[in-house]
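Please read the structure below before turning to the comments.
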Amino acid sequence: MFRGPIPLPPALPAAVMVLLAALWGLSVYAGWGLEAFCASGEPADDCGGRMALVTAVSSLFAVVATALTIGAWLTWRARLLVYAIAAWMGAEGVLFVGGLVAQ
């Protein structure tokens, strides 16, 4: 249990990280991102090429987030948990904003 203003059980941030990682993975690998941002009638190759660049940039954040997540789970340091969640949110944010721009 983490000590701070509010005691936090370790399962809560772990579940948040798993859900954010699953959302990012489905957006990138299952085609949710392409479906969300490239369904406006434009040729799929044009939008798909732009989304590939967005996915590559988002993947950099996801690699950092994965490393922080593994480190947080192995050490159970509260600061690493916060950084890992922030990095997953950054990966999702880059994917979302980049998808809007690619549209």
Side-chain angles (χ1 to χ4, degrees):
M1 180 110 28
F2 298 109
R3 299 286 180 220
I6 300 172
L8 185 65
L12 184 63
V16 168
M17 285 186 286
V18 167
L19 290 174
L20 286 171
L23 178 63
W24 182 86
L26 289 170
S27 295
V28 171
Y29 296 114
W32 286 11
L34 286 174
E35 188 68 30
F37 297 113
C38 294
S40 64
E42 181 183 7
D45 293 338
D46 295 340
C47 186
R50 291 191 303 267
M51 280 303 292
L53 176 64
V54 170
T55 300
V57 173
S58 179
S59 295
L60 297 174
F61 282 88
V63 167
V64 171
T66 301
L68 288 170
T69 298
I70 291 170
W73 283 347
L74 292 176
T75 63
W76 286 113
R77 292 189 180 169
R79 187 171 304 242
L80 278 181
L81 289 170
V82 171
Y83 291 156
I85 290 172
W88 280 118
M89 290 173 50
E92 295 288 341
V94 166
L95 197 60
F96 179 74
V97 171
L100 288 176
V101 171
Q103 225 174 14

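For the numbers below, each heavy atom of this structure counts, side chains included, while hydrogens, waters and symmetry mates do not.
- Screening residues 25-38 for side chain to side chain donor-acceptor pair (under 3.5 Å), with sequence neighbours left out, gives no hits.
- Both Val97 and Phe37 belong to a common hydrophobic cluster when Ile, Leu, Val, Met, Phe, Trp and Tyr are linked at side-chain heavy-atom distances under 4.5 angstrom.
- The minimum heavy-atom distance linking Cys38 with Gly48 is given by the pair SG-N, 4.1 Å.
- When hydrophobic residues (I, L, V, M, F, W, Y) are linked wherever their side-chain heavy atoms come within less than 4.5 Å, the members clustered with Val57 are Phe61, Val94.
- For the pair Leu23 and Glu92, the tightest heavy-atom approach, listed with the atom from each and the gap, is C-OE2, 3.4 Å.
- Ala84 and Met17 make their closest contact through CB-SD, 3.4 Å (heavy atoms, listed as atom of the first residue, atom of the second, distance).
- The shortest non-hydrogen separation linking Gly99 to Met51 is CA-SD, 3.7 Å.
- Across all their heavy atoms, Ser58 and Ala91 have their closest contact at OG-O, 2.8 Å.
- Hydrophobic clustering of Ile, Leu, Val, Met, Phe, Trp and Tyr side chains at less than 4.5 Å, counting indirect connections, unites Leu20 with Val18.
- There is no path of hydrophobic side-chain contacts, each under 4.5 Å, that joins Leu81 to Ile70.
- Sorted by first and then second residue, the side chain to side chain donor-acceptor pair (under 3.5 Å) pairs involving residues 82-91 (not counting sequence neighbours) are Thr69-Trp88.
- Inter-residue side-chain proximity for Pro13 and Trp73 is flagged as unmet; no heavy-atom pair is nearer than 4.5 Å.
- Summarising the geometry, atom CD1 belonging to Ile85 is positioned 11.0 Å from atom CG belonging to Leu80; distances are rounded to the nearest 0.5 Å.
- What you find for Leu68 and Ala87 is that their closest heavy atoms are CD1-CB, 4.1 Å.
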